[in-house]
Each structure stands twice: as C-alpha cells, then as structure tokens.
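Quick caveat, the model's predicted, so the values are computed rather than measured. Every chain is numbered from 1, with letters handed out A, B, ... down the list of sequences.
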Amino acid sequence: MTPGILHPLLAYARLGWKRTAGNPLGLVGSVLLYWLILAIFWGLWGATPLHELGAAGLTEERLLAYLAVTEWIAFAVGLPYREVEAEIQDGTIDMRLAHPIAFGLTTLAVWIGEVGCRYVVLGIAGLAALAYAAGAIAPSLPGAAVLLLSAALAMLLVLLWHLQIGFAAAWLGISAPTFWIWQKCLFVFGGLIMPLTIYPASLGAIARASPFAAMLFAPASLMLDGGADGAASTITLQVTWLAISVLAAVAVERAALRRFLERGT
Amino acid sequence: MRYVGSLLRLTLQSLRARPAAALSAAFFMFANNLVFFVTWAIYFANFSALKGWRIEDVALLAGIVVWAYGVAVFFAGGVRTLARTIVDGGLDAHLGRPRHPLPSLLLGRPIASGLGDMASALPFWLWLGQRSVADLPLLLLVATAAAVILGSAIAIMQCLVFWWPRAVGFCEHLYEMFVMVTYYPQHAYGFGARVLLLTVFPAALIGFLPAEAIRRHSALLVAAVMAAAAIYAGLALAVFNLGLRRYASGNRFVDLR
C-alpha cells in the first residue's frame, strides 16, 4: 500500500474514531448494554448446575470471562453494515464510487477508527466488570497481549463480513435479512455464549471449521486456558480466515460495482 | 375504533406494495428466531435444568416474546422510530390531523419481519415447548397482552427525547437492552433485579410472567398480565401527552401538503 493511499486511509480512520468519541452518550449506552448482558449471564451461570459438565473444568468465573471477550467483540463492532445498505438504498453510494480510493477500503478505514474507539472503551469496561464480578481472572501478561491482538483480528474479520453483508443490498435491495441469519450463525457457530468445547461433538466440529469460530471462540478461548498456550494456533487460524475474507470482500465489492455499472444504483 | 381499524387496514395494504421484500423479511426473521434457539438447545444438552426450568419452558417464553415483539412491530411499527420522529419534527404532520396523534404515529409503519416473529411463535409453543393446540387461545391472550406492554414500554422510553432531545441513540440502546432482557428467564436473578424487571424496566412482564401464567395454569397471573397491559398502555399515553406539551418543533408543516 503506497503512502498516497495510506495517508487518506489514516485520515478516514481518525474520522471514524472522532465520530465515535464525539458521541459519549452512544458509548455510555454501549457500555451499559455490555454490562447488562454480562450481568444477565452472571445470574444465569450462577443458577446453572455447572457441576453437571463433569471434567470440563469450567467455572462461573471462567465462563463470564469467556463471555466478556465474545460480547466485547460483538459490541465493539456494532452494526456497520447498515451504512453500506443505506448508501445503496438511497443512491448516495454513487458519490463514494467516484472517489480515487476504493469504496471498501475507505469504508473499512472509517469503521476501524470507530471500532478502535469502542475496543478501548469496552475493553476497559469489560475488565472492570470482570474485576468486580469474578475477581482476578485476567490472563498473564503475554496472554493479555495475545488476547488484545486476537480480539483486534477478530473485529477486523467481522468488519470484512459486515462490508459484504452491506453489499447484499445491491442484489436484494435490503441487507438486514441476510445479516440476521449471518449474525445468528455467528452467535451459534462462533460460540457467543458458550465455548465450543461444550457443544455436542458433531456441532462443535462444524463450528470449529467455520469462519465464525475465528471471530469469537478463538480469542475468547484464551480466557479459558489462561492465555498464551494456544496463541500461535489461534492467531494462525484468524490470519488464515482474514486472508480468505479479504479475497471474498474484494470479489463481492467488484461484483456489486459491476451490477451498479450495468443497472445503476 | 373505526379510525384505528382504518389505520390497521392501511398498514396491511402498505405491505402489498413490496410483497416479495415483506415475505423475505418475514421468512428470514422466522429462521433467525429458530436458529438462535439452538443456543438454548446446546445449553440444555449440557445441563438438566435452569433453576427448575427445562428447555420446554424456555421455548414457551421465547414463543411469547417473539409473538409480543412481532405484534408490536408489525401493528405498531412506528414505535421503533418514535424518538427519531419526535426529534426530527415529524410529529407536525400528525398534530395537524383531527385525531390524537399517537395512533397514526404508531400504526403507520409496519415492520414486515414482525410477521416472521409471530409465525415463529407457533413452533416455539407447539413443537419446542410441547404445548397442545388447546393451550393456544390462552397463549395468544397473554402473549398479545405482553405485546401491549412491550409496545407501551418502548413508547415510554422513546418519549424520553421530549425532555432530552439528544438522547435518540440512548433510546435505541435502552430499547435493545429491554428486548435483550425479555428473552432470558428472569427467575435466575436476585430479588432486587426481579422487582426492577417487574416494574420500572418491565421485561419480566413480557416473557417471564406470561410464561409462568401458562406453566402454572394460574388465572391470577393471567389477570396480572392483563392488568399490567392496561396500566402500561395508560402510562404510555400519559407520558406521551405530558411530553407533547413540551413539543415545539413546527418545522415540518410542509409535510401536510
């Protein structure tokens, strides 16, 4: 990537960061929502007969820490696909397509700035919630570094999928239904609430082979085994899916652009 | 009532404008609800019960919540965007009409996916919840009452912008929190949280209490749900009227043409 492209992209990312940081009420809402979901599951895990899991060794605290990471990723990303969907629906995407830098790149840059801001705020909020509810559950220092990297990769991966889902409006006129199904697949196959290790064997195997595991389970599972042990395999899995997702996003954007050129927006 | 009937007819007619989009939204929401329930199936594959509740009970609750949500957003879809409408000055167009503005505000914008929500209630109740067809009338009664509570509670939250115009995004977060809490069984929480969820933040009145009414075959609980629906509907109307006194936009009268 040349400096001629990198500088504007950094400016877009800063714009995204400022847009999110400039809406403190929105950030407060996200934090409250995040804490609420943690509180709900703290209550549910407290009422769950965890001893029935047998040798899995999952405690209430570990499950809460796992959930804190999956929800951190989900809440930090938000619902950015709606922007692409709205731009396609109202035709304003035309103006963006005339820019010298690809629509997907500039959109991703803004999103990365926005998500970066929520990554920091919600990360601190999650840590505070864990310290309050579960005491010292944080991984070791190397483990924490891997967790931060893995969560960032996961968010980037999710953003790439949001971009593609947004483009679904080019064909369907609306992206929301595609998103609902994708999101629920993310929740189930990604292991949003429960780690894939306690899924029935066949479902667990399917989930692990899907890209969704790299988005939620891979980073969150670092909270189950204390951190750096499975770091290399976790990051490798995520980078692999990231490369595949980049290719898919480029292909989907090109196909959408072809459609816009042929049929208009 | 004739006015409300006419608005509902218009609501249904508006879906005919784009039937394919409406049907696909409904279908995807139907699938969406069932896919999400897989999480509970996995939970109960690992654990025998959640404080006495089994998977059938959670399915019963999920069915009531999706029915309530579907009815609320399909028949009163305007409630979802009430805060934005107020802040944008969109109330003006409704204030110029000879009737109270609330019915036209709420009933004018059906969200087609609500049909999918309503349809998915049936497999939740009859298949996953193992309820009989004979239970349906009572289920529909309490779930529709829950829809009134849900719609009213959302309307109250959205009215916050009458006093705090910059809180549109916050209202959206409040709404999301509310819907999220309704979907989980609340008997697992502490006493204080449950009191809160039965009063100020009435999520337990939408899913948990109606589900308990059916589980226990309790006429008293059914009556409590019905009474709560009437109280929250009245409260929503009162809060909206109170907020309306503060409303002074006047920038959208052009829409009346």
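Only the side chain of A/Phe75 comes within contact range of chain B, judged by heavy atoms closer than 4.5 Å. When heavy atoms are compared at a cutoff of 4.5 Å, B/Ala20 does not approach chain A at all. Using a 4.5 Å cut-off between heavy atoms, B/Val181 touches chain A through backbone and side chain atoms alike.
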Please tabulate the donor-acceptor pairs under 3.5 angstrom that span chain B and chain A, backbone and side chains included.
| from | atom 1 | to | atom 2 | distance (Å) |
| --- | --- | --- | --- | --- |
| B/Asn32 | OD1 | A/Lys184 | NZ | 3.0 |
| B/Tyr43 | OH | A/Thr48 | OG1 | 2.4 |
| B/Asn46 | ND2 | A/Ile198 | O | 2.8 |
| B/Ser48 | N | A/Glu52 | OE1 | 2.7 |
| B/Ser48 | OG | A/Glu52 | OE1 | 3.2 |
| B/Ser48 | OG | A/Glu52 | OE2 | 2.7 |
| B/His173 | NE2 | A/Gly26 | O | 3.2 |

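Counting heavy-atom pairs closer than 4.5 Å to chain B, the top residue among A/Ala176, A/Gly46, A/Ala47, A/Gly29 is A/Gly29. Interface check for chain B: of the options A/Pro177, A/Pro200, A/Gly43, the most heavy-atom pairs under 4.5 Å are formed by A/Pro177. Of the listed residues (A/Ile40, A/Leu36, A/Leu203), the greatest number of heavy-atom pairs within a distance under 4.5 Å of chain B belongs to A/Ile40. If you tally non-hydrogen atom pairs under 4.5 Å between each of A/Ile174, A/Ile37, A/Leu192 and chain B, the highest count goes to A/Ile37.
Taking all atoms of both residues into account, the shortest heavy-atom contact from A/Ile181 to B/Ala31 is CD1-CB, 3.7 Å.
Counting heavy atoms of neighbouring residues, nucleotides and ligands inside a 6.0 Å radius, atom CZ of B/Phe27 does not exceed 12 of them.
For B/Ala112, the side chain to side chain contact (heavy atoms under 4.5 Å, CB included) test picks out B/Leu15, B/Ala22, B/Ala25, with sequence neighbours left out.
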Task: CA sep, side-chain torsions, deciding dist, call: A/Leu50, B/Phe47, side chain to side chain contact (heavy atoms under 4.5 Å, CB included) - done: CA-CA 7 Å; A/Leu50 286 173; B/Phe47 308 109; 3.8 Å; yes
